[in-house]
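Heavy atoms only: backbone and side chains are in, while hydrogens, waters and symmetry mates are out. In this text, all values refer to a predicted model and were calculated from it rather than measured experimentally. The sequence lines fix the lettering, A, B, ..., with proteins before strands; numbering per chain opens at 1.
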Protein chains: 2
Amino acid sequence: MQDHLQIKMDEFLPLRDVVFNTLRQAILTGDLKPGERLMEIHLANRLGVSRTPIREAIRKLELEGLVIMIPRRGAEVAQITEKSMNDVLEVRRSMDALCIELACERISEEEVVALKKACDEFEQAVETGDIKIIAQADVALHDIIVRATGNMRLVQLINNLSEQMYRYRFEYIKDSSQHARLVEEHRMIYDSIVRKDKETASRVAKLHIDNQKKSIIDQLRLDRSNR
Amino acid sequence: MQDHLQIKMDEFLPLRDVVFNTLRQAILTGDLKPGERLMEIHLANRLGVSRTPIREAIRKLELEGLVIMIPRRGAEVAQITEKSMNDVLEVRRSMDALCIELACERISEEEVVALKKACDEFEQAVETGDIKIIAQADVALHDIIVRATGNMRLVQLINNLSEQMYRYRFEYIKDSSQHARLVEEHRMIYDSIVRKDKETASRVAKLHIDNQKKSIIDQLRLDRSNR
DNA sequence: GGTTTGTATTTTGTATACATTAATCATATT
DNA sequence: AATATGATTAATGTATACAAAATACAAACC
């Protein structure tokens, strides 16, 4: 683990939640790598807190599937296998389709405007060529759709599933030959939501995931062979 | 909280997991009621352990959505609102459809046999008229289908969603006028899986949830008005 | 050489202690 | 009488202490 694991003090959150967010972020960004052990005293010293909040944070990470517990040996960052990624993508594909169908039914006028804006901003982001900006614009756009469902449980589940893909998504975005396709897909999604065309919307959403799948899995394989 | 909250000692599980399972069960069975506070010292005394494993169990229940945390006030059993139940059912409906479609593709010969057996056993369970036996047979049957997907993430997600419905499911099963319909639906599910007819299977799975929805929501309303 | 066994060390699992904040309740004041 | 206020109690948040298990490593043994 490189040493930029640092706690961001949020004055009014319990330490356990601060630690939880910190570790979660570290895992998602790859700062803490799969297989790496999370040793309590170590983390406690590094983050300048006691073991208690560390342990409580780990319990949540455990349930979230980001770390696995080995009894009497402690926690380590969960390995992402090809199988587990396929499982995630399979569910995500279906949930995204559900999201967009519900969005067709329930999206508000303001949200349609926001979605339009997000589409335009994504197009601009693509033009900058900056991966981080593009990824951020992509998240913002999808977030609008997910929230438009009004289903908070669904929001939470999608977020959890997205987590698992987080690290590997970048490779797809990096591939600039896909950018035109992405912009086009987003516009199709926008159009079909506006037209309340659930059929098309759902098809595009699934296609959207299918397109990402190959590069995510490739990246995953590459990652594994590099260890 | 009535006083049959008791710990079941599993020699080789960490206490936090034993406590987690105990509290989880207590919440699902309604032994711990929505809104009821989970006070650490009380629970610790009652279960004969210290606060530490209690707290760690609560962290997991928190992420699972079964309890909510109020800062500096502690945990209480999550209220199940009509909205949150609708959200759950909406996602569950879609996931069940996914499950059964995947099962069509991937179910093994042995699992088909097991599913047939589970169907028959459900029919027998219905004949006994015993709610608990029927509910159990129902769970067993659905479990086979979910597992037949081979998607462990999906299994985990469906289990989490089922939790939320757990308490309220019984009312539907109690209504014996629905029994014939249930048996019929199960047979249709079995048939369509054997024929690998994803279209029909998916439709029946959704219908299956839709049929349960009304009585679950009714029960929820009744539950709320009784407090 | 390889296996085994024993000891030291590390790490987790659990309990407890201390600090801080929230809730309670009685008393005083207007 | 109603509201404020202050002391008391109780609960959570955090840190630390202690016990037990796992690991690592070295010496003894075959």
May I have the distance from I70(B) (atom CD1) to dT12(D) (atom P), rounded to whole angstrom? 11 Å
Mind checking whether H208(A) and H186(A) have parallel, tilted or perpendicular rings, split at 30° and 60°? tilted
Short N-O contact, E76(A) and R37(A), less than 4.0 angstrom: no
Which comes earlier along DNA chain C counting from the 5' end, the contact point of P53(B) or that of G74(A), where each point is its nearest nucleotide? G74(A)
Atom pair distance, as rounded to whole Å: CG in L43(B) and P in dA11(D): 11 Å
Considering only nitrogen or oxygen atoms on both sides, find all protein atoms under 3.5 Å from nucleotides 21-23 of chain D and state each distance.
{"unit_1": "dT23(D)", "atom_1": "OP1", "unit_2": "R73(A)", "atom_2": "NE", "d": "3.3"}

In whole Å, I'd like the distance from the CZ atom of R55(A) to the C1' atom of dA17(D). 14 Å
What's the shortest heavy-atom distance between A78(B) and P34(B), and which atoms? O-CB, 3.6 Å
Charged N-O contact under 4.0 Å between R93(B) and D210(B): yes
Partner of M95(B) under side chain to side chain contact (heavy atoms under 4.5 Å, CB included), picked from I209(B), L157(B), V146(B), is L157(B)
Contacts to DNA chain C from residues 58-67 of chain B, heavy-atom cutoff under 4.0 Å, which residues? none
Please examine the side chains of I27(B) and R167(B), heavy atoms only from C-beta on, and report whether any two atoms are closer than 4.5 Å. yes
Which part of the nucleic acid does I54(A) contact within heavy-atom distance under 4.0 Å: base, sugar-phosphate only, or nothing? nothing
Cation-pi check, R169(B) onto Y166(B) ring (under 6.0 Å, within 45° of axis): yes
Would you say that L66(B) contacts V77(B) through its side chain, given a criterion of any heavy-atom pair below 4.5 Å between the two side chains? no
First-last contacting nucleotides on DNA chain C - partner chain B, under 4.0 angstrom, heavy atom: dG13(C) to dA23(C)
What are the two closest heavy atoms between R147(A) and E111(A), and how far apart are they? O-OE2, 4.2 Å
Taking any heavy-atom pair under 4.0 Å as a contact, classify R51(B): base, sugar-phosphate, or nothing. base
Output yes when E56(B) and R59(A) qualify as a salt bridge under the 4.0 Å nitrogen-oxygen rule, no when they do not. yes
Taking NZ in K83(B) as the centre, count heavy atoms belonging to other residues, nucleotides or ligands within less than 6.0 Å. Is the count above 12? yes
